[in-house]
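Report on the structure given below.
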2 protein chains.
Amino acid sequence: MDKRKRLILHAIIQDYISSAEPIGSRTLVKRHQIDLSPATIRNEMADLEEMGYLQQPHTSAGRIPSPKGYRYYVNSILEDSSLTPQDLSRVEELISAAGISLSKNPRQLARLLAAVTSYISLIAEPSDNVQDIRHINLIPLSATSAICLVVLGDGTVKHHSISIPEGVTTQEIDALSVFINRRLQGVQLQHIDSRLLCSLRAEFAGNLSLVDDIFYMVRHLMVADGQELVMDGATNLLKEPEFKDVDKVRELFRTLEQNEQILKLMGSGSSRLEDLDIKIGPEMGLESFSECSLVVATFNLTDRKVTLGILGPARMQYAKTIGFIRWLREYFSSGGS
Amino acid sequence: MDKRKRLILHAIIQDYISSAEPIGSRTLVKRHQIDLSPATIRNEMADLEEMGYLQQPHTSAGRIPSPKGYRYYVNSILEDSSLTPQDLSRVEELISAAGISLSKNPRQLARLLAAVTSYISLIAEPSDNVQDIRHINLIPLSATSAICLVVLGDGTVKHHSISIPEGVTTQEIDALSVFINRRLQGVQLQHIDSRLLCSLRAEFAGNLSLVDDIFYMVRHLMVADGQELVMDGATNLLKEPEFKDVDKVRELFRTLEQNEQILKLMGSGSSRLEDLDIKIGPEMGLESFSECSLVVATFNLTDRKVTLGILGPARMQYAKTIGFIRWLREYFSSGGS
DNA sequence: TGTTAGCACTCTGTTCTATCGAGTGCTAAT
DNA sequence: ATTAGCACTCGATAGAACAGAGTGCTAACA
């Protein structure tokens, strides 16, 4: 790929990102004041298409970037992705409007991400399934309720209230506490499954409903608490011309409603804390996302980690989005809340 | 409104609900084997339109029900809204597939509602804002974390973990505990606002960040925990012909993203526990909902109340929806989980 | 007086055609 | 290697014609 081809590919992608319309040779020359004739550009375009970086919607239309084209753009062309002063001041304004609770309130954070990027924002707490249970503690609060504390391998403490059925004595609760600890200590969260529950129920002599409660609470730590997915800005994508067809929108949203798939998508390959992970269209392996791109990054907040994603059209403003995410990481790591 | 007009209105609404297309006199006669000529029906239709129960999309189209028409249908025509055996068995199948946790897990419940009705389901815990705080308790867990317990006026206990900044002594925590109790005891949740926070910060001499933490946690009880909104089935509405236009969809979803409005909508008029509340189109006062209807009901679950709503097109299958909600209430009150 | 047949009219949606315009690929000239 | 020229392609747009479903009105009828 020679320098001129890079330049042309860059120009086409930039134009297509902002216009959403196929770019022709003539238009390109005009808009970028290139010192070549349209015919030359056409030749280069034909080459780029042959190489797989561009595609043509129909025989006699301009070119649009292919997924491979976007990939090349993201990997090898994009350089400066710092925020413009305008963007920066807008972000700061939105942050101050959101209040103090950004890092504590995923919904607020999601709203901010969506507002800034004008794409869909996704926030997940990274999966803790390999954590093991260090200790489980039952603290009676009253005759009918107690708090169950779970201390995990890394020292984090989770807790949840459970209600105690009538007629259960303190002794029974103590016995249960001992039993639960003996059986669950050291068990990884990912192994809290229904098979385990069956064996628990078989082994324990006392009140089974309490065992159930505790079991589901611990399981909840893993599934719901540890893997909650917060989303915002779904309507933003409806502004994009690629989604003016309701059927596409329906397929897209239907996939979004299946949290597991999205969590999987955000989980895979996000191990690198350093930077961010970009998935373009077909790379996600979901038919309904074939015209989308997803930018995923994992953040260290003050007290925990979160994984966040920006889902936009494949024709996404990569520079701006990446710039914002990097800025946000900087913001949090330098004490922003 | 004489008997024949009722009959005709009923027939038109039924047909329109299932077909989504304006109903003409000829079609109506054929489909319902009415012993009158189309011309007579036309006269009656013209009357019904004059009375406000029907409207015409254009001069030479059939009639569709007006909001007033739906209102009359719901209030005065609808009688039998019990589930058909097929529906019933489908519901039971879905419930058993969902597992045990229906009444504990709002998301599961929302998913069920959406699946059964094929509309949008909304679940909110009813607002507890008038509750007052009876007691606040800080339980240190370790040097850097504690649990904050809040006992509300009705005896319910809420809790949340907070992290303790370095260098804060046990004495300070005790002092804070005393201070917080003195200042917040008896305060209603709805009065936990930023003005109160300011005066707290002004009065307290110790670590302000801890005050903030507790304050936001209590506030969270009210806003997020007490008023969380769970939604499912948004894609269902995209199947309906009235939403084949992306712009309408965008407006609708944009409104749905503003939880406060929806919560307000579900809160108003849902005081009657007995039955359910139906809001038709313009009655909701939201432009983007003008072609929708909302059915709201409040449920007594084993340990708490929830308000749930079904949002569908104004052309909703009212009988089925109402029947299902009544059945579900029966199911929960007779020990279903 | 309520009901109905007949008729002219209205309005939408569809299909077909013509046309415009942006863009391409190819060839030959520079 | 670059470019001017040219024939061709294809989508989008606009207009015309037409079919179909439905209405309102009038006059006849039981």
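Proteins come first, then strands; the chains are lettered A, B, ... in the order of their sequence lines, and each starts at number 1.
Within the structure, a side-chain polar atom (N or O) of R63(A) is placed less than 4.0 Å from OP1 or OP2 of dT24(C). Here T27(B) does not reach the OP1 or OP2 of dA21(D): none of its side-chain N or O atoms lies under 4.0 Å away.
Residues satisfying the salt bridge (Lys or Arg N to Asp or Glu O under 4.0 Å) criterion with R254(B), sequence neighbours excluded, are E251(B). Take E291(B) and apply the side chain to side chain donor-acceptor pair (under 3.5 Å) test, not counting sequence neighbours, and it matches K248(B). Remark: R4(A) engages E44(A) in a salt bridge (Lys or Arg N to Asp or Glu O under 4.0 Å) (not counting sequence neighbours). Every residue two or more places apart in sequence or in another chain that forms a side-chain contact (heavy atoms from CB on, under 4.5 Å) with R42(B) is listed here: S25(B), P38(B), A39(B). Partners of D80(A) by salt bridge (Lys or Arg N to Asp or Glu O under 4.0 Å), not counting sequence neighbours: none found. With sequence neighbours left out, R90(A) forms a salt bridge (Lys or Arg N to Asp or Glu O under 4.0 Å) with no residue at all.
Atom CE in M45(B) sits about 9 Å away from atom P in dG22(D), given to the nearest Å. Put simply, NZ on K5(B) is 14 Å from C1' on dT3(C), counting in whole angstrom units. Whole-Å rounding puts the E44(A) CD to dA1(D) C1' distance at 10 Å. For the pair D47(B) CG and dC25(D) P, the computed distance is 12 Å after rounding to whole Å. Distance CG (L54(B)) to P (dG22(D)): 15 Å, rounded to an integer number of Å. Straight-line distance from the CD atom of E21(B) to the P atom of dG22(D): 9 Å, rounded to whole Å.
Within residues 241-250 of chain A, no residue has any heavy atom under 4.0 Å from DNA chain D. For residues 28-43 of chain A, proximity to DNA chain C is found at R42(A), defined as any non-hydrogen atom under 4.0 angstrom from a strand atom.
Of the listed residues (C292(B), S18(B), P241(B)), just one forms a side-chain contact (heavy atoms from CB on, under 4.5 Å) with R315(B), and that residue is P241(B).
When all heavy atoms are compared, the tightest approach of M316(A) to L311(A) is CE-C, 4.2 Å. Across P65(A) and I13(A), no two heavy atoms sit closer than the pair CG-CG1, 3.7 Å. Heavy-atom minimum distance, N259(B) versus L256(B): OD1-O, 3.6 Å.
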Every protein N/O lying under 3.5 Å from an N/O of nucleotides 17-19 of chain C:
none

Polar atom pairs (N or O), protein with nucleotides 7-13 of chain D, under 3.5 Å:
from: dT9(D); atom 1: O2; to: S60(A); atom 2: OG; distance (Å): 2.6
from: dC10(D); atom 1: OP1; to: T59(A); atom 2: OG1; distance (Å): 3.3
from: dC10(D); atom 1: O4'; to: S60(A); atom 2: OG; distance (Å): 3.2

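Residue pairs meeting the salt bridge (charged side-chain N to carboxylate O under 4.0 Å, His left out) criterion with at least one partner in residues 16-40 of chain A, sequence neighbours excluded, are D15(A)-R31(A). Judged as a salt bridge (charged side-chain N to carboxylate O under 4.0 Å, His left out), the pairs with a partner in residues 56-67 of chain B (not counting sequence neighbours) are, in order, E49(B)-R63(B).
Aromatic rings from Y70(B) and Y53(B) are positioned such that their centres are separated by 6.0 Å or more.
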